[in-house]
Amino acid sequence: MFSRNLLGPTKDKMPHDLPKAYDPTAIEDHWAGYWVRENLFAVSTPTELVQNQCLDGKSPFTILLPPPNVTGRLHMGHMLNQTEMDILTRWRRMSGRLALWVPGTDHAGIATQMMVERQLTEEGTSRQTLGREAFVERVWAWKSHYGGAILEQMKRLGVSVDWSREYFTMDERLSVAVREAFVRLYAQGLIYRGAYIVNWCPRCQTAISDLEVVHQEQKGHLWEIRYSVLDSFGRDSGEYITVATTRPETMLGDTAVAIHPEDERYLHLHGKKLRLPLMDREIPIVVDPWVSREFGTGAVKVTPAHDPNDFAIGERHHLPSINVMDDRAHINENGGPYQGLDRYVARKKIVADLEAQGLLGAIKDYTNNVGHCDRCKTVVEPRLSTQWFIAVNKEPNGGGESMAEKARAAVRADSSGKKAIRFTPENYEKIYLNWMDDIHDWCISRQLWWGHRIPAWHCGVCHKITVPEPGATGDPAACAHCGSDKITQETDVLDTWFSSGLLPVSVFGWPNITPETRADFDAFYPTSLLVTGFDILFFWVARMIMLGCWFAGDVPLPDGSPRRPAETVPFREVYIHALVRDANREKMSKTKGNVIDPIEIVKQYGTDAVRFTLASMASPGTDIAFNVARTEGYRAFANKIWNAARFIFMNVDRAAEVGIRIERRWFAAPPLLTNESRLEDLWIMSRFCNTAKRVNEALEKYRFDDAANVIYQFFWGEFCDWYLEIVKLRLNFNESLDNSEATDSLATLLYVFQNSLRLLSPFMPFLTEEIWHALYEGMPPRKSIALTSYPQFEESYLTQVTYPSAETSMEHLVLAITSIRSRRKDLGIEDKVLVKAKVASSKSGVLRKNRDILLKLARLEDVEVVLFSERDSDDRYKNLAWQAFGHVDVYLDYQKEIDVAAERERLTKDIAKYEKGLAAAERQLGNEAFLAKAPVHVVEGLKEQEAETRLLLEKTIAALETLPKE
RNA sequence: GGGCGGUUAGCUCAGUUGGUUAGAGCGCCUGCCUUACAAGCAGGAAGUCGGGGGUUCGAGUCCCUCACUGCCCA
């Protein structure tokens with residue numbers, strides 16, 4: 001097998017004996033392992049770099065892998081994300097940048113805790129039985145055993161990350177950063193603790209942030225409940241006020257009923273009290289303009305402990321808050337007779353009891369938006385609870401901008417129009433800013449055991465909170481307020497996104513930035529790019545911007561000068577990629593069962609083909625409907641490349657037989673072509689340079705689709721379809737002949753092929769690596785094609801010769817060939833039959849000069865080439881059945897009966913087409929306004945087109961007339 | 001309810017600042033195992049660019065409107 005030669009090439013073996021069909025499984029594992037083993041993409045701490053300045057003058061290209069959950073399994077979204085990052089990183093690396101891609105995993109608080117809890121349940125135990133310390137140990141054990149499987153999957157995809165820098169968000173050094181970030185924010189007055197309505201997940205038994213709540217429409221009911229109005233003696237007045245609710249069980253915690261101050265229906269009730277049914281509690285009627293008069297009955301029950309709006313009303317009217325549910329959303333001791341019941345059981349019972357007491361009004365069907373836990377899909381319970389928050393809109397102690405303000409400024413254009421962070425696609429900038437404009441304080445505490453424990457200590461004596469001073473190491477021994485040593489650490493942990501939001505600063509050493517340790521930070525911060533999905537735009541991207549801008553601002557530049565805001569950002573660019581959907585544009589989900597496992601597809605079609613599929617469909621802003629039909633097509637492309645290699649190796653071997661060896665300089669520099677060089681060589685070099693230029697431009701704009709399609713088109717449609725076919729004419733190696741022509745052709749062929757491999761390698765790293773090594777017969781100049789340079793548009797090279805004329809000449813030749821082929825088909829000439837042809841053209845010189853190509857590719861026995869003018873003035877050419885193809889007319893000398901009817905139909909159809917086109921052109925050219933206002937090249941182009949169409953029309957009509965009458 | 005996007009060939013999608021007769025892949029039809037490749041080669045069919053209106057010499061592209069559809073936020 002081919003790759004075995006690379007591991008130990010032997011002279012006596014045929015080195016280029018490749019299997020006929022490309023088999024990715026035979027090579028991919030080998031190279032994936034090789035890249036990791038050889039540490040090819042490791043970037044050591046730069047020693048002589050100044051801030052963002054490489055020795056060669058190019059800044060480093062730095063990119064962080066969005067850390068997958070340690071519990072994660074690779075899905076299509078990851079694969080898209082990683083393919084895009086890998087293409088860009090490989091491309092930047094090959095383009096001469098110091099390219100660092102840092103991988104790692106996220107401890108994923110809730111997800112991981114759930115995973116281990118599930119295991120414990122199966123074992124018949126629980127985390128509570130184990131206790132906190134043992135449980136956390138158990139999670140670590142789980143992590144070392146099962147965690148990070150996703151990184152192994154990534155290795156299989158061949159991502160060019162620096163594995164030596166792999167991190168885990170709970171690593172010691174990153175935990176230090178988390179703690180320091182917390183204590184600094186606390187010292188700045190931006191972290192506070194308080195009782196607020198939070199989203200409570202009864203399943204996970206923790207508060208979750210607004211972002212972790214997914215709203216879903218759900219069919220439910222709207223229950224109307226009658227509350228008795230009391231008279232001035234506290235007795236039932238006989239009057240009722242009716243409220244409507246979707247959550248009747250919360251009435252247990254009602255502390256008021258609110259009405260709109262100007263609602264005429266209730267004016268007489270201002271200042272009255274009500275009897276809360278079932279609980280027999282007196283509650284006031286309050287007036288509040290927030291109440292909508294149109295909704296329901298215009299009277300709303302107020303449950304400050306279980307609804308954010310009610311909480312606000314409660315604050316305004318100094319109402320008590322009665323929390324009626326416990327951590328599991330069971331009714332607690334404040335729920336009277338309902339204590340201990342699950343919320344939904346309680347709901348049923350309360351409705352039944354109300355009905356029994358005649359206090360239940362209408363029950364209406366009602367669809368409302370119910371919040372669910374993002375993680376476990378349990379219905380979230382808004383619930384009053386004491387949590388830790390970051391005040392994102394608040395000025396820090398000592399003044400200055402808030403975190404949100406800094407984070408907005410980083411994205412908005414400054415006075416000179418520059419943006420410190422640029423989004424692609426651009427519209428995400430607006431989405432980000434809209435969100436940032438009404439951002440709420442961030443609830444950062446979670447009632448979990450797995451995560452970074454909040455570095456705050458509660459005093460058992462004075463009940464105040466002690467948070468260490470910034471920079472302090474070690475835990476406090478005594479209360480900072482009363483000196484008592486009876487302090488215990490807060491049991492809550494931090495939101496996972498708090499630690500991942502710090503990654504851009506923490507992975508490069510923050511907060512430990514000293515002259516000795518700062519080299520990484522100086523070189524790699526800000527990172528160059530973030531590639532991620534829009535689903536974590538707010539979760540992660542926004543938090544990184546807030547935290548990055550906040551903390552990097554304290555780190556001076558290497559020369560000691562203060563860091564300007566634009567240099568505090570965590571990344572300079574954000575590329576938001578699309579969602580990968582299934583072939584029917586459905587969102588992939590486990591419940592729908594339409595999840596495509598990338599590893600399965602990779603096994604079936606090869607990593608390169610899947611990568612190429614994703615790249616070719618990754619048009620910014622458009623979701624990807626992943627269709628294996630596409631992947632099948634790109635597997636065919638991989639096979640095409642493979643077979644081109646086989647063809648080339650075959651010729652290298654044939655050359656070797658007559659003593660011609662590959663010379664390294666053929667690879668190193670482009671062939672020296674002149675205006676006298678052969679057309680196909682000039683043309684393919686021109687096309688290659690053009691392709692390289694377009695690929696570089698496309699990648700610069702994150703147009704992975706354009707880049708992939710341009711390469712595909714070049715390699716298959718130009719290099720294989722035309723160049724290889726033509727070059728077969730030249731590759732005649734013979735001991736008795738002068739082989740210089742064949743050798744020259746081989747040199748150009750190898751140059752273009754080898755550089756095409758480089759061009760392709762960021763997209764198809766495995767296949768190109770394999771063939772590239774084989775080209776050097778196992779003795780390559782570098783360890784990997786990934787360490788060679790990326791083809792660039794070589795301006796100086798292209799000005800040496802007249803490439804544009806080579807392109808037009810080649811186009812003409814191609815037109816002549818395809819025209820003859822088309823005519824052959826029309827006449828029903830079998831492929832293997834060689835015929836004689838006459839070709840009239842506007843460029844007969846090109847066709848005469850490349851007669852051999854014309855004969856071979858059009859399968860001709862002989863060809864006579866004349867100019868149009870010669871043909872038209874010579875009687876010998878009159879009355880022949882010419883077929884017009886624009887700049888070329890074709891006549892084939894073939895005796896077989898032609899199908900007159902079919903021919904007539906075809907010509908008639910053509911005539912109709914030309915007439916239509918001609919009419920359109922004439923109409924426009926007859927328009928004086930058009931002639932006056934349109935740019936010259938447009939007018940000239942149209943005139944030319946009109947003339948051509950007219951000529952085609954005339955010729956076709958003539959051809960129709962020469963057909964025998966029926 | 002607020003905001004953003006989409007509608008182009010049978011399918012999945014490109015189409016850059018308005019400019020000559022709208023492209024690609026897959027699929028489809030016809031013929032070929034032409035020694036790199038049948039995962040291939042050659043030739044071909046297929047679109048009134050969601051509907052309507054407007055701006056313009058000129059609109060898939062800009063504006064208005066309607067329809068359908070997706071997403072985010074509340």
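Being a predicted model, the structure only gives us computed values, none of them experimental. So that the names make sense, note that chain A is the first sequence line, chain B the second, and so on, each numbered from 1.
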Under-4.0 Å side-chain N/O to phosphate OP1/OP2 contact, A:Lys20 with B:rA38: yes
All salt bridge (Lys or Arg N to Asp or Glu O under 4.0 Å) counterparts of A:Glu944, not counting sequence neighbours: none
Residues that A:Glu632 engages under salt bridge (Lys or Arg N to Asp or Glu O under 4.0 Å), provided they are two or more places apart: none
Rounded distance in Å between the C1' positions of B:rG44 and B:rA59: 31 Å
Pairs touching residues 883-892 of chain A that satisfy salt bridge (charged side-chain N to carboxylate O under 4.0 Å, His left out), sequence neighbours left out: A:Arg871-A:Asp889, A:Asp889-A:Lys955
Please list, pair by pair, any protein nitrogen or oxygen found under 3.5 Å from a nitrogen or oxygen in nucleotides 4-8 of chain B.
none

Partners meeting side-chain contact (heavy atoms from CB on, under 4.5 Å) with A:Tyr196 (sequence neighbours left out): A:Tyr192, A:Phe311, A:Phe389
Flag side-chain contact, heavy atom, 4.5 Å: A:Leu731 against A:Phe647: yes
Watson-Crick and G-U pairing of RNA chain B written in dot-bracket, each distance under 3.5 angstrom, with | for inter-strand partners: (((((((..((((.....[...)))).(((((.......))))).....(((((..]....)))))))))))).
Sugar-phosphate, base or nothing in reach of A:Arg824, heavy atoms under 4.0 Å: nothing
Test side-chain contact (heavy atoms from CB on, under 4.5 Å) applied to A:Leu750 - qualifying residues, sequence neighbours left out: A:Ile648, A:Val652, A:Ile662, A:Trp666, A:Phe667, A:Leu746, A:Leu775
Side-chain donor/acceptor of A:Glu830 to base of B:rA42, under 3.5 Å: no
Sugar-phosphate, base or nothing in reach of A:Arg821, heavy atoms under 4.0 Å: sugar-phosphate
Pairing residues for A:Asp831 by the side-chain contact (heavy atoms from CB on, under 4.5 Å) criterion, not counting sequence neighbours: A:Lys825
All side-chain contact (heavy atoms from CB on, under 4.5 Å) counterparts of A:Lys836, not counting sequence neighbours: A:Glu861, A:Asp862, A:Asp893
Distance-only side-chain donor-acceptor flag, A:Glu680 / A:Trp722, under 3.5 Å: no
Sugar-phosphate, base or nothing in reach of A:Leu537, heavy atoms under 4.0 Å: nothing
d(CG, A:Leu749; C1', B:rA36) in whole Å: 11 Å
Sugar-phosphate, base or nothing in reach of A:Glu697, heavy atoms under 4.0 Å: nothing
Residue list, ring-ring contact (aromatic ring centres under 6.0 Å, His included) with A:Tyr891, at least two apart or on another chain: none
Qualifying salt bridge (charged side-chain N to carboxylate O under 4.0 Å, His left out) pairs, either residue in residues 710-725 of chain A, two or more places apart: A:Arg687-A:Glu718, A:Glu725-A:Lys728
A:Leu433 CG - B:rC73 C1' separation (whole Å): 15 Å
Euclidean distance for C1', B:rG60 against B:rU21 (whole angstrom): 15 Å
A:Ser822 side-chain N/O to B:rG44 phosphate OP1/OP2 under 4.0 Å: yes
Sugar-phosphate only, base, or nothing, as touched by A:Asn651 at under 4.0 Å among non-hydrogen atoms: nothing
Contact state string [nucleotides 18-27 of chain B, B base, S sugar-phosphate only, - no protein heavy atom under 4.0 Å]: -BBB---SS-
